[in-house]
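Here the structure comes first, spelled out in structure tokens, and everything after it is commentary.
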Amino acid sequence: MNIYADNAATTEMSEAAINAMTDGMRNWYGNPSSLYTIGQKAKEKLEEARAEIAGIIHAQPREIIFTSGGSEADNQAILTAALNGKKKGKTHIISSAFEHHAVLHTLKKLEKDGFTVTLLPVHESGLVRPDELEAALREDTCLVTIMTANNEIGTIQPIAEIGAICRARHVVFHTDAVQAVGHLPIDVEAQQIDMLSASAHKFHGPKGVGFLYARKGIVLQNLIEGGAQERGKRAGTENLPGILGMTAALKEAVGAMEQHNTHMKKIRDYLIRGLSEIPHSALNGDAERRLSGNVNFSFEGIEGESLLILLDQKGISASSGSACTSGALDPSHVLLAIGRVHDVAHGSLRLSIGEDITVQEADHIIEATKEVVAYLRSFSPVWRDLTEGKKEFILK
Amino acid sequence: MALYSEKVMEHFLQPQNVGVIEDADGVGEVGNAKCGDIMKMYLKIDRDIITDVKFETFGCASAIASSSMATELIKGQRVEDAMKLTNQAVAEALDGLPPHKLHCSVLAEEAIQAALEDYRQKQERNKE
């Protein structure tokens with residue numbers, strides 16, 4: 001049995017996306033900037049895609065810029081708000097401690113350039129508190145950037161509340177919605193979002209393509225200089241096949257969103273109940289306010305990389321916040337941000353299930369995880385110390 | 001998975017000498033849970049020969065494979081030969097480790113050294 005449970009890393013492309021891409025490659029090879037018919041046909045396709053995506057998130061077509069993915073969109077959004085703010089003497093930025101590195105590393109760079117960054121705590125629940133955001137706002141705050149849903153623990157942030165606070169205080173609000181677009185309803189008007197980043201391969205579209213929504217009136221700063229594509233804000237001949245694939249995938253994902261979420265939530269909660277039976281384990285992040293496909297557990301006394309490789313042997317593809325999986329010294333900054341100590345963060349497992357997961361597959365995941373955790377604990381000196389009372393259990 | 005050599009996978013999936021020696025003559029523990037790797041080695045030594053060795057490891061696949069390989073390399077050896085075990089020897093016997101995993105072989109070397117040192121100290125005490 002092969003179960004792909006790492007959809008937060010990337011997703012399998014949908015048939016609709018593959019068909020739209022091949023259609024784009026076969027039939028719409030013209031350069032949208034060319035003035036002859038073949039070029040203008042491609043341009044037409046491009047603008048249709050833009051209008052489709054804009055409609056889905058309740059934006060205007062001219063507010064959508066196609067990018068190479070979520071990271072580029074995050075970089076462009078943040079640098080835009082920072083540089084525009086600096087012109088008005090505003091150099092303070094608010095974000096959260098568990099943002100994606102595309103956000104955190106961009107903020108680090110800005111700090112070196114003289115910006116001040118406040119990272120809001122996300123507490124044990126993995127949620128930003130709107131009152132804490134409000135208290136952190138300053139006269140010189142030029143940007144608030146908070147992700148819509150966390151990529152590791154799946155917690156869904158109170159975006160509409162954050163949007164309302166920012167709007168009232170005239171501060172630009174950007175959200176990295178890479179894990180949310182195609183999985184949660186997005187309405188940039190109702191949620192008062194000024195900028196939003198998305199990536200196609202997280203919703204069964206192709207890799208290497210995404211988009212940035214920037215509200216009309218925000219003058220975007222270019223990351224890539226060159227031709228006048230994307231209203232002069234993102235140079236380079238448009239990746240039309242990718243954009244068409246992304247649009248087809250998003251359309252399909254949004255069409256079936258409710259049905260998918262209902263099903264996945266059921267399986268997610270089934271997995272959480274099953275994995276909770278493992279002694280000295282804990283769910284990471286709020287149990288309710290989380291993506292319907294996300295399950296993230298910590299198991300005391302074991303290390304995540306060996307867990308993943310043994311699960312892979314049983315046909316299960318998953319991920320972990322252990323340092324060993326990334327070659328880093330510290331475990332996941334997300335797990336540390338919600339207060340997990342190093343020892344426990346190393347022993348984490350993230351399952352991000354797909355829409356077509358079955359109860360049988362969930363049973364296999366639960367059984368396999370129970371077996372592997374017990375096996376690894378059987379020769380873990382940490383587990384021995386815990387069970388012999390030489391060390392205190394951190395997870396009850 | 002191309003992340004590790006076949007040898008590493010073999011020793012990770014079927015580790016040799018896993019367990020505890022209750023009446024060990026030398027015990028060594030290195031690493032810490034904060035970094036994500038802990039190795040504990042147990043030695044049984046008879047007339048300067050390592051007659052039995054067992055390990056317990058908390059860590060990634062290469063840490064477990066390194067422990068397994070290190071125990072295999074010193075089993076049946078004289079104490080003075082086991083003292084010469086290097087992390088390179090462990091890594092080589094595993095057909096190499098990814099660069100960021102080399103510290104696992106270092107940990108295996110250190111765990112063996114710690115167990116041998118514990119044995120040596122116990123010997124000293126017995127003499128007194």
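Throughout, a chain's letter reflects where its sequence line sits, starting with A, and its residues are numbered from 1.
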Original post:
Should the heavy atoms of other residues, nucleotides or ligands under 6.0 Å from CD of B:Gln14 be counted, would the total exceed 12?
Top reply: no

Original post:
Does B:Glu124 CD have over 12 foreign heavy atoms under 6.0 Å away?
Top reply: yes

**OP:** Using a cut-off of 6.0 Å, state whether more than 12 heavy atoms not belonging to A:Glu12 lie near its atom CD.
**Re:** no

Original post:
Which atom names give the shortest non-hydrogen contact between B:Phe58 and A:Pro381, and what distance separates them?
Top reply: N-CD, 3.3 Å

Original post:
So what's closer than 4.5 Å to chain A heavy atoms on B:Ile64: side chain, backbone, both or neither?
Top reply: side chain

Original post:
Between B:Cys104, B:Gly59, B:Pro15, which has the largest tally of heavy atom pairs under 4.5 Å with chain A?
Top reply: B:Gly59

Original post:
Are there more than 12 heavy atoms of other residues, nucleotides or ligands under 6.0 Å from atom CD of A:Gln313?
Top reply: yes

**OP:** Answer yes or no: are there more than 12 heavy-atom neighbours, outside B:Met83 itself, under 6.0 Å from its atom CE?
**Re:** no

**OP:** Give a yes or no on whether the backbone of A:Phe379 and the side-chain of B:Glu56 come within a donor-acceptor separation of less than 3.5 Å.
**Re:** no

Original post:
Distance from A:Asp343 atom CG to B:Ile38 atom CD1, nearest 0.5 Å?
Top reply: 7.5 Å

Subject >> Proximal component of A:Arg384, with respect to chain B [non-hydrogen, under 4.5 Å] >> reply: side chain

Original post:
Considering all heavy atoms of both residues, which atom of B:Leu13 and which atom of A:Tyr375 are nearest to each other, and what is their separation?
Top reply: O-OH, 4.2 Å

Subject >> B:Ser62 OG to A:Ile309 CD1 distance, which is reported to the nearest 0.5 Å >> reply: 8.0 Å

Subject >> A:Glu303 side-chain N/O to B:Asp37 backbone N/O, donor-acceptor pair under 3.5 Å >> reply: no

Subject >> Residues, nucleotides or ligands: over 12 heavy atoms within 6.0 Å of B:Arg47 CZ >> reply: no

